[in-house]
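A short worksheet on the structure shown next.
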Amino acid sequence: MADEPAYQGAIPDHVAIIMDGNGRWAKKRHRPRSFGHRAGVEAVRRIVEDAADIGIECLTLYSFSTENWTRPRAEIAALMTLMSEYIENDLARLKREGVKIRVLGGRTGLSPNVLALIDKAVSETSQNERFKLNIAFNYGGRDEILRAMRKASASDVDLQSMTESDFSRYLDTAGLPDPDLVIRTSGERRISNYLLWQAAYAEYVFMDVLWPDFGRDELIAALDEYTSRDRRFGAAQETEVA
């Protein structure tokens, strides 16, 4: 008898998460924000494993936004260190487990060391296909659209006849499915400049849990909410048409 699937409801091809609440999680424990960010990395490790086990094919995590450069220098340095440590410590395992890494976002402002690690992670996992992990790092949706526009303008494409599909090829997510589900933790109810083009028809689920506490149960709860929704993509049901 075949094993039952890990989740019985609808499984989206692509889930995107705004990982929010590390600072508040640390503050509740009277610890510095860096303590919360480090706990957040542990949540990343858990959710990558859980998402792949459930059958999600593509996961995109909002790690560091273009707006995060306004944070205190010490916190920015800690976030850069955590990104580097995650790649250095987890790359061999992720590669072995068939995870394909893509890093979304601009390169301006990142140190040569961070850029080299990003390039290494992308290169060494480029042939993997079991699970796609996208890390939005130094990422902003508006910045991405502007960068895509510049790349399109510099190409030989006819801008006047360009379609939405044509333009998508210049985005950081080129070749990936658009997210079906976007989850935001921490109780905030905003999209924070995240995947503005790609998430045009995504379902949004906002959860009160702080990111370091997010785990398999919370992911299942978000999937249950997604399963309960009727995705119409702008169309109406025949019974609703007068």
Short N-O contact, [X] and [Y], less than 4.0 angstrom:
X      : Y      : result
Glu129 : Lys100 : yes
Arg102 : Asp172 : no
Asp208 : Arg189 : yes
Arg45  : Glu42  : yes

Say whether, by atom type as modelled, one donor and one acceptor occur between the side chain of [X] and the main chain of [Y] under 3.5 angstrom.
X      : Y      : value
Trp211 : Gly40  : yes
Ser123 : Asp119 : no
Arg229 : Tyr204 : yes
Thr125 : Asn128 : no
Arg130 : Glu97  : yes
Asp53  : Glu49  : no
Ser192 : Tyr194 : no
Asp166 : Thr163 : yes

Quick check for you: to the nearest 0.5 Å, what is the distance between [X] atom [atom1] and [Y] atom [atom2]?
X      : Y      : atom1 : atom2 : result
Glu164 : Ser168 : CD    : OG    : 7.0 Å
Glu67  : Asp143 : CD    : CG    : 9.0 Å
Met149 : Glu144 : CE    : CD    : 13.0 Å
Ile56  : Leu223 : CD1   : CG    : 5.0 Å
Gln198 : Thr173 : CD    : OG1   : 3.5 Å
Asp50  : Ile220 : CG    : CD1   : 8.0 Å

Would you say [X] has more than 12 foreign heavy atoms packed within less than 6.0 Å of its [atom1]?
X      : atom1 : value
Arg142 : CZ    : no
Lys120 : NZ    : no
Glu75  : CD    : yes

Any chain of hydrophobic side-chain contacts (each under 4.5 Å) joining [X] to [Y]?
X      : Y      : value
Ile101 : Leu117 : yes
Leu133 : Leu82  : yes
Leu176 : Trp197 : no
Phe137 : Val182 : no
Ile191 : Ile17  : no

Is there a side chain to side chain contact (heavy atoms under 4.5 Å, CB included) between Glu218 and Ile47? Walk through the geometry before answering. CA-CA 10 Å; Glu218 288 72 27; Ile47 216 61; over 6 Å; no

Nearest heavy-atom neighbours spanning [X] and [Y]:
X      : Y      : result
Leu181 : Ala202 : N-CB, 4.4 Å
Phe214 : Met207 : CE1-SD, 3.7 Å
Ser63  : Ile135 : CB-CG2, 3.8 Å
His14  : Thr60  : NE2-OG1, 2.7 Å
Ser34  : Ala78  : CB-CB, 4.2 Å
Thr66  : Asn138 : CG2-O, 3.8 Å

Could you check if a side-chain atom of [X] sits within less than 4.5 angstrom of a side-chain atom of [Y], using non-hydrogen atoms only?
X      : Y      : answer
Phe206 : Arg184 : yes
Tyr201 : Asp178 : no
Met80  : Ser111 : no
Asn193 : Ser65  : no
Val103 : Tyr139 : no
Glu85  : Arg38  : yes
Asn134 : Cys58  : yes

If we ignore angles and hydrogens, is there a donor and acceptor under 3.5 Å between the side chains of Thr227 and Tyr7? yes

Give the ring-plane orientation class for Tyr170 versus Phe167, where under 30° counts as parallel, over 60° as perpendicular and anything between as tilted. tilted

